[in-house]
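Below is one structure; the comments refer to it alone.
Computed from heavy atoms alone, side chains included, the values below leave out hydrogens, waters and symmetry copies. Below, read A as the first sequence line, B as the second, and so on, with proteins coming before strands; counting in each chain starts at 1. This structure is a prediction, so every number in the text was calculated from the model and none was measured.
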Number of protein chains: 2
Amino acid sequence: MSAPSLRARVRSEMSQEIKAVARRHLATDGANLSLRAVARDMDIVASALYRYFPSRDALLTALIIDAYDALAAAATEADAAVRRDDFRGRWMAVCTAVRTWALANPAEYGLIYGNPVPGYAAPPETVEPAAKVILLLAAIVVDAGNRLEPLTASPIVAPLRKDLRRLIDERQGDLLEERLDRILVAWTHLFGVLNFEVFGRLDDMIQARADYFTHHMTLMANLTGLPH
Amino acid sequence: MSAPSLRARVRSEMSQEIKAVARRHLATDGANLSLRAVARDMDIVASALYRYFPSRDALLTALIIDAYDALAAAATEADAAVRRDDFRGRWMAVCTAVRTWALANPAEYGLIYGNPVPGYAAPPETVEPAAKVILLLAAIVVDAGNRLEPLTASPIVAPLRKDLRRLIDERQGDLLEERLDRILVAWTHLFGVLNFEVFGRLDDMIQARADYFTHHMTLMANLTGLPH
DNA sequence: CCGAAGCAAGAACACTGTTCTCGCAGCGTT
DNA sequence: AACGCTGCGAGAACAGTGTTCTTGCTTCGG
């Protein structure tokens, strides 16, 4: 592997800096950041940005991909830091890592879990990191294996069961439909709470928001039958 | 009460039509609809809109308020159509009414439950209709009274308990903290599922989406102890 | 019937994303 | 060493945006 040419290196650094500046603008202007404004911040003329990103949407897409990757990385790292057989510890570690990242990067979180931008279709690079969190949760449950607690009965109707079966088979997983069902409930809830918290819907409702979050995700752990 | 002057009437009709056209544009352009475009659609020059709304943000605000009101109305109506002592029936009626409205008006739903717009602070007119759904759910639980099932134990930490107590007292409600806690869980979950569904995150994951939703909200009814 | 008020039109300003052209720098090759 | 190619930034230009202001016209109330 040869050393990258100087040109290539400064090009990559430039791309990174553009994204960094754009990320800063994201925090204040949300998804409608201005290309010309980030160009101004870099003492660059707006058209120069087009050497690096073919359009504003492309820049946004790059930011979205980075956000997915960063969130997935934070969650994965948190999981890896806990003893493998401490299932509840891993569960809470993943959940709070997602929350911490979301609160630290609310604009980027909003970019990936808020309103989808109008004309925009999620590029294929995002599907794998987007699935990462739920895969981590599922892995914890699978690892818990026969130590899982039995589930409170709640019948799953046939069509839904088929969807669940397909999802399990697609990944060649070893999981009961009922169990995956609860994982989906927990996953849904995780981002449900976070949307409310990050988007400010809990502001003058709940002060003990960390406790609130922990409590919710503990209930979800119970619901999926994670051992105590 | 005197009849409104002709001027006042056409003015109000004009405002309504502006909002109607804007709503149409909302569906395609999302939150960044163009004032000039809605003006064009009405064979009107853009500056004329300023006779009715002082700014684009004001128009968006009006749409947001309308959306809150419409959603609250749909939920209230659904609840009212069910026998008072059919608690689970009322619960599911409210939930599916919210879902039906959200799926029928995805753009407006995104406006009120998606990314908050950057510089924007929710006007006070929105807090009451915004709370409507959770109040309806709470009312169902309160009405169920002593027919509620006991809750699976899950300790609530002191600071969070204080928040719950305050919320109950603010409305002079008759509710245990534990019970309100579960209502909040269900409320969070309701909009968690809907965000995923409306924003397309379930698209190639779950086909039986109505079943999925019903199942989730049934689990939530169980979790809050609604009688069968 | 007349003055006041409400309204729509149009021009203007400061922005935006995007495209195109034009020079200038760095690179590899003959 | 000189050439040309390629990547880059600057600048002008275009279409479109939100917003403001001025200018007339219409409609209303006294």
Side-chain angles (χ1 to χ4, degrees), chain A residues 2-64 107 111 117-121, chain B residues 1-64 111 117-121:
Chain A
S2 67
S5 78
L6 182 105
R7 270 254 179 91
R9 241 185 31 236
V10 340
R11 181 174 220 292
S12 142
E13 281 170 21
M14 196 77 173
S15 287
Q16 290 304 120
E17 184 171 348
I18 293 173
K19 288 196 288 188
V21 175
R23 257 186 291 268
R24 286 206 326 257
H25 282 240
L26 210 59
T28 67
D29 302 340
N32 46 6
L33 54 77
S34 150
L35 269 196
R36 291 183 117 107
V38 329
R40 268 196 300 273
D41 263 26
M42 304 182 60
D43 286 310
I44 279 290
V45 85
S47 62
L49 294 182
Y50 283 76
R51 297 274 160 200
Y52 302 91
F53 298 94
S55 74
R56 204 193 76 117
D57 267 12
L59 174 55
L60 271 187
T61 299
L63 293 180
I64 289 176
L111 215 50
V117 294
Y120 176 85
Chain B
M1 163 174 179
S2 67
S5 78
L6 181 100
R7 269 255 180 92
R9 239 186 31 234
V10 337
R11 181 174 221 291
S12 141
E13 280 171 21
M14 195 75 173
S15 289
Q16 289 305 120
E17 183 172 348
I18 292 173
K19 287 195 287 186
V21 176
R23 256 187 291 269
R24 286 206 325 257
H25 282 237
L26 210 58
T28 67
D29 302 340
N32 45 7
L33 54 78
S34 148
L35 270 195
R36 292 183 117 109
V38 330
R40 267 195 300 273
D41 263 27
M42 304 182 60
D43 286 308
I44 278 291
V45 85
S47 63
L49 294 181
Y50 283 76
R51 295 276 155 198
Y52 301 91
F53 298 94
S55 73
R56 204 193 75 120
D57 267 12
L59 174 55
L60 270 187
T61 299
L63 292 180
I64 289 176
L111 216 49
V117 294
Y120 177 84

Please classify the nucleic acid contact of A/Leu59 as base, sugar-phosphate, or nothing, using heavy-atom distances under 4.0 Å.
nothing
Taking the nucleotide of DNA chain C with the nearest heavy atom to each, does A/Arg40 or A/Pro54 sit closer to the 5' end?
A/Arg40
Bend angle of the helix from C/dC1-D/dG30 to C/dT30-D/dA1, from helix axes over five pairs at each end, nearest 10°:
0°
Value in whole Å for how far the [atom2] atom of [N] lies from [atom1] of [X]:
| X | N | atom1 | atom2 | value |
| --- | --- | --- | --- | --- |
| A/Tyr50 | C/dG17 | OH | P | 7 Å |
| A/Phe53 | C/dG17 | CZ | P | 14 Å |
| B/Leu35 | C/dA8 | CG | P | 15 Å |
| A/Asp29 | C/dT16 | CG | C1' | 12 Å |
| B/Ile18 | C/dC7 | CD1 | P | 10 Å |
| A/Leu33 | C/dG17 | CG | C1' | 12 Å |

Below 4.5 Å, heavy atoms only, C-beta onward: do A/Leu59 and A/Ile18 meet side chain to side chain?
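Yes, close enough: below the 4.5 Å cut-off.
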Counting C-beta onward and ignoring hydrogens, is there a side-chain heavy-atom pair between B/Leu63 and B/Leu111 closer than 4.5 Å?
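In contact.
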Distance-only, no hydrogens or angles: does the B/Arg56 side chain make a donor-acceptor pair with backbone N or O of B/Leu33 under 3.5 Å?
yes
Sugar-phosphate atoms are those with a prime plus P, OP1 and OP2; base atoms are the rest. Using that split, label each nucleotide of nucleotides 7-15 of chain D B, S or - for protein heavy atoms under 4.0 Å, 5' to 3'.
SBBBB-B--
Rounded to the nearest 0.5 Å, how far apart are CG of A/Asp41 and CZ of A/Arg24?
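If I round to the nearest 0.5 Å, the distance is 5.5 Å.
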Looking only at heavy atoms, which two atoms of [X] and [Y] are closest? And how far apart?
| X | Y | answer |
| --- | --- | --- |
| A/Leu49 | A/Ala39 | CD1-CB, 4.0 Å |
| A/Lys19 | A/Phe53 | CG-CZ, 3.8 Å |
| B/Val38 | B/His25 | N-CE1, 3.9 Å |
| B/Tyr52 | B/Ser15 | CD2-OG, 3.6 Å |

OP1 or OP2 of C/dG17 versus the side-chain N and O atoms of A/Ser34: is any pair under 4.0 Å?
yes
If you apply the rule side chain to side chain contact (heavy atoms under 4.5 Å, CB included), what do you find for B/Ile44 with B/Arg51, and how did you get there?
CA-CA 12 Å; B/Ile44 278 291; B/Arg51 295 276 155 198; over 6 Å; no
